[in-house]
Participant: 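Take a look at the following structure, please.
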Number of protein chains: 2
Amino acid sequence: MVRRSGRRPGNQDTKQSILESARKVFAERGFDKASIRAIAGEAQVDPALVHHYFGTKEKLFLASMNSPIDPAEVIPKAMAGPPEEAGERLVRLVLGVWDSPAGAAAVALFRSALSNEWTARLMREFVVTQVLRRAVAELGIDEAQAATRAALVATQIAGLAVVRYVLRVEPVASAPTEQLVAAIGPNVQRYLTGDLPGVFETGDGH
Amino acid sequence: MVRRSGRRPGNQDTKQSILESARKVFAERGFDKASIRAIAGEAQVDPALVHHYFGTKEKLFLASMNSPIDPAEVIPKAMAGPPEEAGERLVRLVLGVWDSPAGAAAVALFRSALSNEWTARLMREFVVTQVLRRAVAELGIDEAQAATRAALVATQIAGLAVVRYVLRVEPVASAPTEQLVAAIGPNVQRYLTGDLPGVFETGDGH
DNA sequence: GTCTATAACTCGATAGAC
DNA sequence: GTCTATCGAGTTATAGAC
């Protein structure tokens with residue numbers, strides 16, 4: 001029987017460290033500007049190894065998106081509670097997820113979606129229909145209004161992400177979570193359950 | 001005397017058409033992905049001509065940013081009126097400018113700022129301090145709160161731009177201006193003049 | 001003033017040695 | 001499993017012919 005001495009060929013941990021580096025670099029630069037070479041350098045690994053493990057750059061991106069956070073599980077939990085505070089809970093949830101290490105994947109997807117058509121489609125289909133629709137549905141909002149309210153919530157959440165994580169405008173960039181929750185939550189609340197002039201025009205006209 | 005027949009060497013109008021194409025392509029793709037070749041192709045002109053007229057790509061970008069719209073003139077005009085409707089007027093102003101042909105430069109700057117550090121700095125310095133500070137100053141808002149309120153307004157305006165012009169999420173992408181003004185204006189209003197818990201923490205603590 | 005040709009650089013992806 | 005070498009396609013920018 002063969003006894004392998006010393007460190008094994010590094011198989012399982014290099015693949016994992018490539019994934020971590022990919023999440024980090026994708027989050028910092030977005031899909032397009034994140035080069036395989038840079039990701040490999042970050043992981044102190046040969047660029048060819050990245051291709052060997054993950055094939056194409058797109059497949060690497062998809063692999064790095066497999067986050068331990070499941071919207072189907074975390075959204076209903078956040079929406080449960082007094083409906084009049086759902087806005088604040090949604091902002092708190094988003095900031096909590098995105099500020100966590102596991103949230104790098106979400107930031108990467110968002111940042112990439114801003115400059116790449118392929119990831120933009122990925123995000124539209126995933127976030128807007130999966131996350132926001134789920135959130136408004138959880139609150140029992142009229143189907144005819146759901147799309148409009150979800151899109152309006154998206155404007156506030158996306159803007160928060162842009163200012164805090166992409167443009168890094170102070171004082172929002174480094175404000176504590178609860179301060180932003182108190183400031184922005186009520187505005188999200190209005191989009192969720194408030195009176196919105198013109199929101200009915202899409203659906204029933206009675 | 002020399003009589004030139006037919007079309008003159010195209011001097012003055014080619015330079016102008018390059019500028020127009022630059023604004024358009026920069027707005028569509030952002031600074032990085034907008035190639036000199038694509039801009040030249042759009043203007044039906046040789047790529048080398050672009051360099052001949054404008055030097056580098058950065059100088060071309062700066063030249064294309066010289067919009068006929070002057071914030072110093074248009075902001076005070078929009079802020080004049082009942083203070084309790086300033087939010088709606090601000091949203092109406094932004095949508096009016098950005099939907100207009102002359103607004104392509106603004107969209108270009110914004111889109112570029114999302115993926116390029118150089119243009120991001122340009123935008124932080126110009127928009128946040130020039131436009132938003134001017135707007136909140138026009139309303140006579142406390143200096144200590146101005147930065148926070150301006151940044152919060154930025155989250156909503158930037159988010160509106162992202163959803164409407166970059167990600168193109170319906171129904172916001174193709175909603176009429178006044179519907180968005182009615183839906184989003186009040187939220188901007190709250191950031192401008194409303195009660196914001198925690199907004200005082202930066203400044204005076206009395 | 002206009003355009004061809006090309007330098008000098010990036011990138012993703014692959015072939016093949018070890 | 002790992003790495004060297006390289007291909008082919010992008011890019012900005014420049015030099016120089018006409």
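Chain letters run A, B, ... following the sequence lines, proteins first and then strands; every chain starts at 1.
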Participant: Can you check the B:Gln44 CD to C:dC3 C1' distance for me, whole Å?
Facilitator: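 One finds 16 Å between C1' of C:dC3 and CD of B:Gln44, rounded.
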Participant: I need the CD-C1' distance between B:Glu58 and D:dT11, as an integer number of Å.
Facilitator: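 Value for this atom pair: 14 Å.
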Participant: What nucleotide among C:dG1, D:dT2, D:dA13 has an atom nearest to a side-chain atom of B:His52?
Facilitator: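 For B:His52, the side-chain atoms sit closest to C:dG1.
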Participant: Any base atoms under 4.0 Å from B:Ala38, or only sugar-phosphate, or nothing? Heavy atoms, all strands.
Facilitator: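 Touches nothing.
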Participant: Find out whether B:Phe126 and B:Pro71 are in side-chain contact, i.e. whether some heavy atom of one side chain is under 4.5 Å from a heavy atom of the other.
Facilitator: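 Of all side-chain heavy-atom pairs linking B:Pro71 with B:Phe126, at least one is under 4.5 Å.
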Participant: Let me know the distance between NE2 of B:His51 and P of D:dT14, rounded to the nearest Å.
Facilitator: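 Taking atom P of D:dT14 as the reference, NE2 of B:His51 is at 7 Å.
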Participant: Looking only at heavy atoms, what is the nearest atom pair of B:Ala113 and A:Leu167, with distance?
Facilitator: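 Shortest heavy-atom contact: O-CD2, 3.6 Å.
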Participant: Apply salt bridge (Lys or Arg N to Asp or Glu O under 4.0 Å) to A:Glu73 and list each qualifying residue two or more places apart in sequence or on a separate chain.
Facilitator: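 Result, salt bridge (Lys or Arg N to Asp or Glu O under 4.0 Å) vs A:Glu73: none returned.
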Participant: Using the ring pair (Phe, Tyr, Trp, His ring centres under 6.0 Å) rule, collect all pairs that involve residues 86-107 of chain A, keeping only residues at least two apart or in two chains.
Facilitator: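 Qualifying pairs: A:Trp98-A:Phe110, A:Trp98-A:Tyr165.
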Participant: Using atom types as modelled, flag every donor-acceptor pair under 3.5 Å from a side chain in residues 180-187 of chain A to any protein atom, sequence neighbours excluded.
Facilitator:
residue: A:Asn187; atom: OD1; partner: B:Arg190; partner atom: NH1; Å: 2.9
residue: A:Asn187; atom: ND2; partner: B:Asn187; partner atom: O; Å: 3.0
residue: A:Asn187; atom: ND2; partner: B:Tyr191; partner atom: OH; Å: 3.3

Participant: Would you classify A:Ala40 as touching base, sugar-phosphate or nothing, given that sugar-phosphate means primed atoms plus P, OP1 and OP2, and contacts are heavy atoms under 4.0 Å?
Facilitator: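 The answer is nothing, as A:Ala40 stays clear of every strand by at least 4.0 Å.
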Participant: Can you sort out which residues in residues 110-123 of chain B have a heavy atom within less than 4.0 Å of DNA chain C? Ascending by number, please.
Facilitator: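 Close to the strand, none.
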Participant: Would A:Arg164 and A:Asp99 count as a side chain to side chain contact (heavy atoms under 4.5 Å, CB included) if you check the C-alpha gap in whole Å, the side-chain angles of each, and the deciding distance to 0.1 Å?
Facilitator: CA-CA 10 Å; A:Arg164 184 175 172 91; A:Asp99 281 334; 3.1 Å; yes
Participant: Output all residues satisfying side chain to side chain donor-acceptor pair (under 3.5 Å) with A:Glu170, sequence neighbours left out; order by chain, then residue number.
Facilitator: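 A:Glu170 satisfies side chain to side chain donor-acceptor pair (under 3.5 Å) with A:Ser174 once adjacent residues are dropped.
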Participant: Taking the six-membered ring of A:Tyr53 as reference, does the NZ or CZ atom of A:Lys59 fall below 6.0 Å from its centre and within a 45° cone about the axis?
Facilitator: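 So A:Lys59 doesn't make the cation-pi contact.
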Participant: With under 30° as parallel and over 60° as perpendicular, where do the rings of B:Phe61 and B:Phe31 fit, or are they tilted in between?
Facilitator: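 Perpendicular, since the angle between the ring planes exceeds 60°.
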Participant: Quick check on DNA chain D: between A:Leu49 and B:Lys57, whose nearest nucleotide comes earlier from the 5' end?
Facilitator: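 Its nearest nucleotide lies further toward 5', so the answer is A:Leu49.
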Participant: Hey, is the side chain of A:Tyr53 poking within less than 4.0 Å of OP1 or OP2 on D:dT2, counting only N and O atoms?
Facilitator: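 Checking D:dT2 against A:Tyr53, a side-chain N or O does come within under 4.0 Å of OP1 or OP2.
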Participant: Under 3.5 Å, which N/O atoms of the protein pair with N/O atoms of nucleotides 4-10 of chain C?
Facilitator:
none

